[in-house]
**Student:** 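A single structure is presented below for examination.
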Amino acid sequence: MSHSQRLAELGIELPEVVAPLAAYVPAVRTGNLVYTSGQLPIRDGALQATGKVGAEVSAEDAKELARLCGLNALAAVHALVGIDAVVRVVKVVGFVASAKDFDGQPGVINGASELFGEVFGDSGAHARSAVGVSELPRNSPVEVEIIVEVA
């Protein structure tokens, strides 16, 4: 089954690529790797939440926002090379704007990681970093970037 068929089976439609917020492109290919820029939880042009996780944003809501970031990253990959060209997800880096003493960053970034497992199966297993930060662009609670191997 192709990745596009798997997305359809899961009822997942990739969103439009989020327009860059500054001087960068959504994704770049070098050799057989595609690197995405950091993706925020933007849907239909609007940031879906603001604030710190563990204060204004719950960990559960942030996990869903990380999933949306993952979808936006897949959209960037798809626009560049096509989703069916993905061989495997290599690396995920997630940033969580964290309230003081919030230490649940891994659980938040699971929102993106679990999405990749649903879509790519064993090829969605990846290396990962989940980092707590004080601020993210536009006061976003979460940001995710990925590296994928492509055919």
Side-chain angles (χ1 to χ4, degrees), residues 3 6-7 10 12-30 32-81 83 85-150:
H3 301 315
R6 179 67 179 149
L7 285 167
L10 292 168
I12 297 172
E13 187 173 324
L14 292 178
E16 293 294 317
V17 177
V18 174
L21 304 176
Y24 61 89
V25 294
V28 173
R29 180 178 182 167
T30 182
N32 66 340
L33 297 175
V34 172
Y35 292 74
T36 70
S37 295
Q39 300 293 313
L40 301 180
I42 294 175
R43 180 182 294 122
D44 299 324
L47 188 62
Q48 296 300 294
T50 58
K52 303 280 191 291
V53 180
E56 298 88 3
V57 180
S58 72
E60 297 79 22
D61 288 345
K63 182 177 178 180
E64 285 303 311
L65 294 168
R67 180 181 177 90
L68 177 55
C69 293
L71 282 171
N72 288 339
L74 292 181
V77 170
H78 180 64
L80 186 65
V81 298
I83 198 71
V86 174
V87 173
R88 73 167 299 115
V89 179
V90 176
K91 174 84 175 186
V92 173
V93 179
F95 302 97
V96 180
S98 302
K100 184 175 173 26
D101 297 326
F102 179 76
D103 64 357
Q105 294 84 6
V108 169
I109 302 306
N110 277 349
S113 293
E114 291 169 2
L115 168 70
F116 302 140
E118 290 171 32
V119 174
F120 301 111
D122 290 343
S123 296
H126 52 269
R128 187 180 88 175
S129 299
V131 182
V133 297
S134 62
E135 297 290 335
L136 286 170
R138 297 199 173 172
N139 198 25
S140 177
V142 65
E143 181 175 352
V144 173
E145 62 183 57
I146 65 174
I147 302 168
V148 296
E149 179 186 357
V150 296

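All residue numbers refer to positions in the sequence shown, counting from 1.
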**Student:** Look up atom CG in Leu47 and atom CZ in Arg138, then write down how far apart they are to the nearest 0.5 Å.
**Tutor:** 7.5 Å
**Student:** Would you check, one step at a time, whether the test side-chain hydrogen bond (donor to acceptor under 3.5 Å, both in side chains) holds for Lys63 with Ser58?
**Tutor:** CA-CA 9 Å; Lys63 182 177 178 180; Ser58 72; over 6 Å; no
**Student:** Work out which heavy atom in Ser140 is nearest to a heavy atom in Leu136; give both atom names and the distance.
**Tutor:** O-CB, 3.3 Å
**Student:** Looking at side-chain heavy atoms only, is the closest gap between Val87 and Val148 below 4.5 Å?
**Tutor:** no
**Student:** Does the side chain to side chain contact (heavy atoms under 4.5 Å, CB included) test come out yes or no for Val133 and Val96, once each step is laid out?
**Tutor:** CA-CA 6 Å; Val133 297; Val96 180; over 6 Å; no
**Student:** Does Phe120 offer a backbone N or O that forms a donor-acceptor pair with the side chain of His3 under 3.5 Å?
**Tutor:** no
**Student:** Where the side chain of Lys52 meets the backbone of Ser134, is there a donor-acceptor pair that is under 3.5 Å apart?
**Tutor:** yes
**Student:** When you look at Gln48 and Arg43, which way does the side chain to side chain contact (heavy atoms under 4.5 Å, CB included) test go after all the steps?
**Tutor:** CA-CA 7 Å; Gln48 296 300 294; Arg43 180 182 294 122; 3.3 Å; yes
**Student:** If you take all heavy atoms of Pro20 and Pro26, which pair is closest and at what distance?
**Tutor:** CG-CD, 3.9 Å
**Student:** Give a yes or no answer on whether the side chain of Gln105 reaches the backbone of Phe102 with a donor-acceptor pair at less than 3.5 Å.
**Tutor:** yes
**Student:** Within a strict 4.5 Å, meaning less than it, do heavy atoms of the Ile12 and Leu115 side chains meet?
**Tutor:** yes
**Student:** Among Leu80, Leu33, Ile83, Val34, exactly one meets side-chain contact (heavy atoms from CB on, under 4.5 Å) together with Val150. Which residue is that?
**Tutor:** Val34
**Student:** Quick one, Phe116 with Leu74, criterion side chain to side chain contact (heavy atoms under 4.5 Å, CB included). Give me CA distance, side-chain angles, the key distance, then yes/no.
**Tutor:** CA-CA 9 Å; Phe116 302 140; Leu74 292 181; 3.8 Å; yes
**Student:** How close do Ala59 and Val53 get, counting heavy atoms only, and between which atoms?
**Tutor:** CA-CG1, 4.0 Å
**Student:** With a cut-off of 6.0 Å (strictly less than), are more than 12 heavy atoms of other residues, nucleotides or ligands near CD of Glu56?
**Tutor:** yes
**Student:** Any sub-3.5 Å donor-acceptor pair from Thr36's side-chain atoms to Ile146's backbone N or O?
**Tutor:** yes
**Student:** Should Val90 and Tyr35 count as side-chain neighbours, where that means a heavy-atom distance under 4.5 Å?
**Tutor:** no
**Student:** So do the side chains of Val144 and Val93 get within less than 4.5 Å of each other, counting heavy atoms only?
**Tutor:** no
**Student:** Go through Leu21 and Leu40 one step at a time and tell me if the side chain to side chain contact (heavy atoms under 4.5 Å, CB included) criterion holds.
**Tutor:** CA-CA 10 Å; Leu21 304 176; Leu40 301 180; 3.6 Å; yes
**Student:** Would you say that Pro41 contacts Glu64 through its side chain, given a criterion of any heavy-atom pair below 4.5 Å between the two side chains?
**Tutor:** no
**Student:** Does any N or O in the side chain of Asn72 come within less than 3.5 Å of the main-chain N or O of Ile42, such that one atom is a donor and the other an acceptor?
**Tutor:** yes
**Student:** So which heavy atom on Ser129 is nearest to which on Lys91, and how close?
**Tutor:** OG-NZ, 3.2 Å
**Student:** Using a 3.5 Å distance criterion without hydrogens, assess whether the side chain of Arg128 forms a donor-acceptor pair with backbone atoms of Pro106.
**Tutor:** yes
**Student:** Would you say Arg88's side chain and Ala125's backbone share a donor-acceptor pair under 3.5 angstrom?
**Tutor:** yes
**Student:** I need the minimum non-hydrogen distance between Pro141 and Leu65, along with the two atoms involved.
**Tutor:** CG-CD1, 3.7 Å
**Student:** Given side-chain hydrogen bond (donor to acceptor under 3.5 Å, both in side chains), test Glu145 with Ser37 step by step and report yes or no.
**Tutor:** CA-CA 6 Å; Glu145 62 183 57; Ser37 295; over 6 Å; no
**Student:** I'd like to know if the side chain of His78 and the backbone of Ala76 have a donor-acceptor N/O pair within less than 3.5 Å.
**Tutor:** no
**Student:** Checking Arg67 side chain against Ser113 main chain: does a donor-acceptor pair fall under 3.5 Å?
**Tutor:** no
**Student:** Taking all heavy atoms of Val142 and all of Ala62, pick out the closest pair and write down the distance.
**Tutor:** CG1-O, 4.3 Å
